[in-house]
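See structure below.
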Amino acid sequence: MSTVVRFAPSPTGYIHLGNARPALMNWMFALKTGGQFILRFDDTDLERSKKEYADAIEKDLAWLGIKPHRLERQSERKAAHDAARDKLIADGRLYPCYETADELDRRRKRARAMGRPPIYDRAALKLTDEEKAALEAEGRKPHWRFKLEGKEVHFDDVVRGDQVVNTDTMSDPVLIRADGSYLYTLPSVVDDIDMGVTHVIRGEDHVTNTGAQIELFEALGATPPTFGHHNLLTDATGEGFSKRKGSLSITNLREEGYEALAVALIAILTGTSQPVAPHESLDELAQSFDISMVSRSAARFDPAELDGFNARMVHGLSYDDVKDRLAELGVDDAEQLWNAVHENLQKVHDIRDWQKLVSGPVETVVADEDKDFIATAAERLPQEPWDENTWSEWTNDLKAETGRKGKQLFMPLRLALTGQSHGPELKTLLPLLGRTACLDRLS
Ligand code: GLU
């Protein structure tokens with residue numbers, strides 16, 4: 001059987017690292033099984049859904065390395081949703097309710113006070129046609145609930161194993177708002193059926209929904225797909241990443257120059273039995289990755305890890321890997337520079353700082369009390385050829401000659417050569433600068 005999965009974001013904001021996880025889990029699954037990946041915008045909330053966000057999500061996914069085979073928008077599928085609605089009404093599984101939010105709230109409070117679970121009491125099912133007509137004459141518009149069977153719904157979750165959701169303990173879910181618009185549940189199930197989705201892989205915050213959705217699949221005459229609920233990515237304190245966590249939005253991470261693959265690997269591997277370690281590509285990871293490797297406990301992630309991991313990935317990149325990106329950064333013909341410095345970079349674009357230092361001009365800084373020392377340093381600059389050892393040969397010689405050591409020895413040289421009190425390792429920088437440029441900066 002060929003597999004079909006979907007990632008179904010609501011385009012009501014930018015996606016962040018936590019939302020990238022289900023997208024990537026589905027992508028891994030599609031790669032591994034040779035299946036299809038659908039990007040489906042759950043955009044039935046017309047007021048909050050924005051094209052700008054949908055476009056950004058597409059761009060973010062492409063950057064992460066996800067290439068959807070199909071793009072769908074729920075807003076274009078209203079006729080199919082309406083047909084399902086009509087079938088459910090005809091079958092007596094979808095019924096109109098007239099309670100206001102305040103009334104429902106009061107009832108829930110009362111139930112709690114009496115020690116009963118705050119479940120919708122299905123009062124609307126008892127309304128006669130006359131009563132309904134009277135409510136509508138008052139100007140009330142119904143919202144519509146799906147009548148659950150109230151049973152133990154069993155499913156075999158590809159991540160969590162055997163699951164049971166007892167729909168008897170749940171309120172009948174509202175599928176249609178009083179303004180006629182659909183909440184997420186019905187369009188999602190209808191589209192999963194029509195699009196031939198075989199595996200619904202999503203966050204574990206949906207486990208309970210799955211119970212009701214399986215009943216809905218059945219009510220619509222369909223066999224439910226296989227489900228898999230992965231743990232959620234949280235920050236170090238266990239808090240989820242809300243859409244407001246702008247700093248961890250994928251757009252922001254891209255703009256800050258993180259490696260797409262580093263971000264993707266963190267989003268996938270955190271909270272699994274595989275270590276967060278570099279991989280060649282998502283394709284390569286997919287071969288060894290199995291969705292059942294996802295752990296049952298929270299996937300805790302400390303944003304600081306991303307910096308370290310990104311640097312690790314950058315250190316493993318060859319010049320060929322980055323040549324085109326360097327050209328985009330305006331750093332052309334930089335093989336020697338890349339080879340010399342890439343193990344010192346946190347992000348690829350940091351190479352611009354090195355290039356600036358190497359090509360100059362730099363405003364060198366020599367304090368009065370260091371003038372003689374710098375003159376001696378210029379005199380005693382070794383002859384070329386230079387390599388990584390030149391720096392220690394030179395500074396050992398200067399130490400013996402002048403008696404200076406530690407910061408007193410190194411800092412004036414750094415300031416004279418780079419104009420800055422910190423920066424790249426001088427033993428790497430020196431051979432890139434060459435003798436002529438060094439002499440120039442020291443004089
Ligand atoms: N639009 C839903 C969400 O973002 C999709 C959930 C699902 O995958 O079914 O939570």
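Atoms considered below: every heavy atom in the structure, side chains included; atoms not considered: hydrogens, waters and symmetry mates. As the structure lists them, so they are numbered: ligands from 1, and atoms in each ligand from 1.
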May I ask you to say whether Arg300 pairs ionically with Asp302, meaning some side-chain N is under 4.0 Å from a carboxylate O?
-> no
Protein heavy-atom partner closest to atom 9 (O) of ligand 1 - residue, atom, separation in Å | Tyr184 OH, 2.6 Å
Which segment of Phe7 sits under 4.0 Å of ligand 1 when only heavy atoms are counted = neither
Run the numbers for me: atoms of ligand 1, each under 4.0 Å from some heavy atom of Ser10, listed by number.
-> 1 (N)
Which protein heavy atom lies closest to atom 8 (O) of ligand 1, and at what distance to 0.1 Å?
-> Arg6 NH1, 2.7 Å
With no hydrogens and no angle check, is any side-chain donor or acceptor of Trp338 less than 3.5 Å from a backbone partner on Leu317?
-> yes
Atoms of ligand 1 close to Arg202 [distance to a heavy atom under 4.0 angstrom, numbered from 1] | 7 (C), 8 (O), 9 (O)
What is the nearest protein non-hydrogen atom to atom 10 (O) of ligand 1, stated with its residue, atom name and distance?
-> His206 NE2, 3.1 Å
Any salt bridge between Arg106 and Glu99, counting N to O under 4.0 Å?
-> no
Compute the shortest N/O to N/O distance between Ile201 and ligand 1 and return yes if it is under 3.5 Å, no if not.
-> no
Atom 4 (O) of ligand 1: which protein heavy atom is closest, and how many Å away?
-> Ala8 O, 3.6 Å
Does Glu72 pair with Arg77 as a salt bridge, N-O distance under 4.0 Å?
-> no
Aromatic ring pairing Phe217/Phe227, orientation class (parallel under 30°, perpendicular over 60°, tilted between) = perpendicular
Give me the ring orientation class for Tyr182 and His81: parallel if the planes are under 30° apart, tilted from 30 to 60°, perpendicular past 60°.
-> perpendicular
Atom indices of ligand 1 within 4.0 angstrom of Asp42 heavy atoms, with elements | 1 (N), 2 (C), 5 (C)
For Leu432 and Val358, work out which heavy atoms get closest and say how close.
-> O-CG1, 3.9 Å
